[in-house]
Amino acid sequence: MELTTQKVQTQIGNLIARAVEKAFSAGVLPGAESAPFIIEVPADKRNGDFSTNAAMVNAKNFRLPPRKIAETIVSFASNEDTYFEKIEVAGPGFINFFLNDAYYADVLLDIRKAGESYGKSDYGKGKRLNVEFVSANPTGPMHMGNARGGALGDCLAAVLEYAGYEVSREFYVNDAGNQIDKFALSLDIRYQQLFKGENSVELPEDSYHGADIKQRAEEFAAVYGDSYLQKSEKERRKALVDFALPKNIENMKKAMEKYRINYDTWFSELTLHNGGELKDTIELLKNRGYTYEKDGALWYKNIEVQTAMLKEQGKSQEYIDRLELKDDVLVRQNGNPTYFAADIAYHRNKLEKRGFDKAIDVWGADHHGHVARMKGAMRAVGIDENRLDVLLMQLVRLVSDGKVVRMSKRTGNAITLVDLLEEVPIDAVRFMFNIQEPGSVMDFDLDLAVKQSSQNPVYYCQYAHARICSILAKLSLEGKKVCECSKKQLERLTEPEERALIAHLAALPSVIVLAAKNYDPAKVTHYATQLATLFHKYYNACRVNVDDGELMQARLFLCVCVRDTMKNVLRLLKIDAPERM
């Protein structure tokens, strides 16, 4: 359905167009073609509820001062059958629109009619997006970066769904390559040490030294005893990996489910190797002339591809030289493909084989240098590089009592995702990991996350929802139930706090679209926090249980709209909306 907020935009466009046409006909404005203009919400409400620069962008076309054009447009404009109480000219030529009572009433009727769908739109037109996030190495437990990436990726996927895209959530399982060889070696040495003693075989410095490796070796030994000591190294290591890796992946799945993240696809890197897609991708790069051989290895012409892309963007050769670009190895001297080669094949699989309109990857900031070369690699295999977007996420520091916390109280080891979810409510974790833009370094305050006060942003939002439920329940006990209101009744909601609250309610669909455009779920958490603030201000300023029955019903109707909108936002973030706190 077309929302009242959308109708306003249409009305402004039509009103300007008709006024300009009338001015043309009257000979007051020259019959020139009108330039496109923008409609925005002024920061200062004294400048209206909506404003446009239509006069300013047409100064050149109409050969008149912007102020004169604005005054002419307003003189020929009619606000009949619109949501505008008045239209004024301000400053150098802004045209400001002030909303009437009918607008605010219709916004509330929209919300009640839309119900659980309020906030959703068809902005994305059903385009298919693949959002890949976390994709932690399956050789060990997930860390704080994975915790932030999980909340960010899942909420971004939800925002995109609300904005009208068809979204697939994906976890890329790195179950091939060097890290698996290192995993096998580490397991093998820990397994041997169980029977030969800790000092019998030394674990290399660059191996995996975590307690989880010892645990997996012990579990393997509990099943097979020392029988694999007699096997070949290759056979023993394969058996250890085949035993341990599925357990690690299953633990990842359980942790993600506990985190309220359900992936549509767990994609195995190994399938790219075994199914031939990696080999085909390397052959494609060879055939397209983007490889060469040197020192027994196969190289990708990263310098050539990125230089061409940068020059298309208008970058100078001096700028390009400063980047110190390097070519990349695709196949090592030993014949093993690199992770980069597999990554190219993986993205080709998403965009070409599975046909997603766009792939969105959530990566840690340490992958910054990998973004441009991966986009270049897409071009090299014949895929539009703009179909790949990468959202870089900065580091997380856990803070308690104003100090950075690095170790788990329970285990004495680095805090993992599982540790965090055991210490902090999941609602708080998901919300607080999305209160800052992804590109900002974040301090996650453990004390604040468990605090039940207005200082805790998720508690503050949940309390607003619970408070409304309590108000409605109390009035219901007095025999005062919420009734459907007419537009005329709702037009009585004219107090400044009521208007501010309704205006914020009206903004939700556009906020979600903007969050989808910018890949920034923080816009949604900010919206929820501001909604809670505005409701508490409204409730303190405007008594709901008044003697005037019609006004009471209108205010109850507004409370219900706030409750339902807050619930929709929290549901989007997969956060509970409790009725009691």
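Annotation for Glu437: atom CD does not count as buried by contact number, only 12 or fewer foreign heavy atoms lying within 6.0 Å. Counting heavy-atom neighbours within 6.0 Å of Phe195 CZ, excluding the residue itself, gives a total above 12. Counting non-hydrogen atoms of neighbouring residues, nucleotides and ligands closer than 6.0 angstrom, the NZ atom of Lys258 exceeds 12 such neighbours.
At a threshold of 4.5 Å between non-hydrogen side-chain atoms, the residues Asp401 and Asp447 count as touching. For the pair Phe133 and Tyr263, the minimum side-chain heavy-atom distance is below 4.5 Å. Under the 4.5 Å side-chain criterion, counting only non-hydrogen atoms from C-beta, Val131 is not in contact with Asp361.
Lys214 and Gln193 form no side-chain donor-acceptor contact under 3.5 Å, judged by distance and modelled atom types alone. Checked by atom type, the side-chain pair Asp576/Gln462 shows no donor-acceptor distance below 3.5 Å. Using modelled atom types, one finds a donor on one side chain and an acceptor on the other under 3.5 Å when comparing Thr416 with Asp419. For the residue pair Gln452 and Asn456, no side-chain donor N or O sits within less than 3.5 Å of a side-chain acceptor on the partner. Between the side chains of Asn302 and Tyr290, not a single donor N or O lies within less than 3.5 Å of an accepting N or O. When only modelled atom types and interatomic distance are considered, Asn287 and Glu283 share no side-chain donor-acceptor pair under 3.5 Å.
Glu318 meets the side chain to side chain contact (heavy atoms under 4.5 Å, CB included) test with Ser316, Arg322; sequence neighbours excluded.
Expressed to the nearest 0.5 Å, how far CD1 of Ile575 lies from CG of Asn434 amounts to 8.0 Å. Leu420 CG to Glu422 CD: the interatomic distance, rounded to the nearest 0.5 Å, is 10.0 Å.
Ring geometry for Tyr300 against Phe340 counts as tilted: the plane angle lies between 30° and 60°, on a 0 to 90° scale. Ring orientation note: the planes of Trp363 and His367 are tilted relative to one another, at an angle of 30° to 60°.
By the 6.0 Å and 45° rule, Arg148 does not stack over the aromatic ring of Phe433. For the pair Lys182 and Tyr208, the cation-pi test (distance below 6.0 Å, angle within 45°) is passed.
A donor-acceptor pair is defined here as one N or O able to donate and one able to accept, closer than 3.5 Å; such a pair exists between the side chain of Ser268 and the backbone of Leu270. Checking side-chain atoms of Thr338 against main-chain N and O of Val329 turns up a donor-acceptor pair under 3.5 Å. Between the Tyr259 side chain and the Ala147 main chain, a donor and an acceptor come within less than 3.5 Å of each other.
Looking at Arg216 and Glu219, a side-chain N of the basic residue comes within less than 4.0 Å of a carboxylate O on the acidic one, giving a salt bridge. A salt bridge between Glu170 and Arg354 is present, with a side-chain N of the basic residue lying under 4.0 Å from a carboxylate O of the acidic one.
Each of Asn130, Asp384, Asp389 was checked for a side chain to side chain donor-acceptor pair (under 3.5 Å) with Lys358, and the lone residue meeting it is Asp389. Residue Tyr346 is tested with Glu277, Glu132, Glu269 for a side-chain contact (heavy atoms from CB on, under 4.5 Å); the sole match is Glu132. Checking each of Arg236, Lys238, Lys231 against Asp188 for a salt bridge (Lys or Arg N to Asp or Glu O under 4.0 Å) leaves exactly one that passes, namely Arg236.
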Walk me through it: do Lys375 and Gln306 pass the test side-chain hydrogen bond (donor to acceptor under 3.5 Å, both in side chains)? CA-CA 9 Å; Lys375 279 180 166 283; Gln306 283 208 52; over 6 Å; no
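The ring pair (Phe, Tyr, Trp, His ring centres under 6.0 Å) contacts involving residues 230-257 comprise Phe220-Phe243, where partners must be two or more places apart or lie in separate chains.
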For residues 151-158, which side-chain N or O atoms pair as donor and acceptor with protein atoms under 3.5 Å away, sequence neighbours left out?
unit_1 : atom_1 : unit_2 : atom_2 : d
Asp154 : OD1    : Arg169 : NE     : 2.6
Asp154 : OD1    : Lys574 : NZ     : 3.3
Asp154 : OD2    : Arg430 : NH1    : 3.2
Asp154 : OD2    : Arg430 : NH2    : 2.7
Asp154 : OD2    : Lys574 : NZ     : 3.0

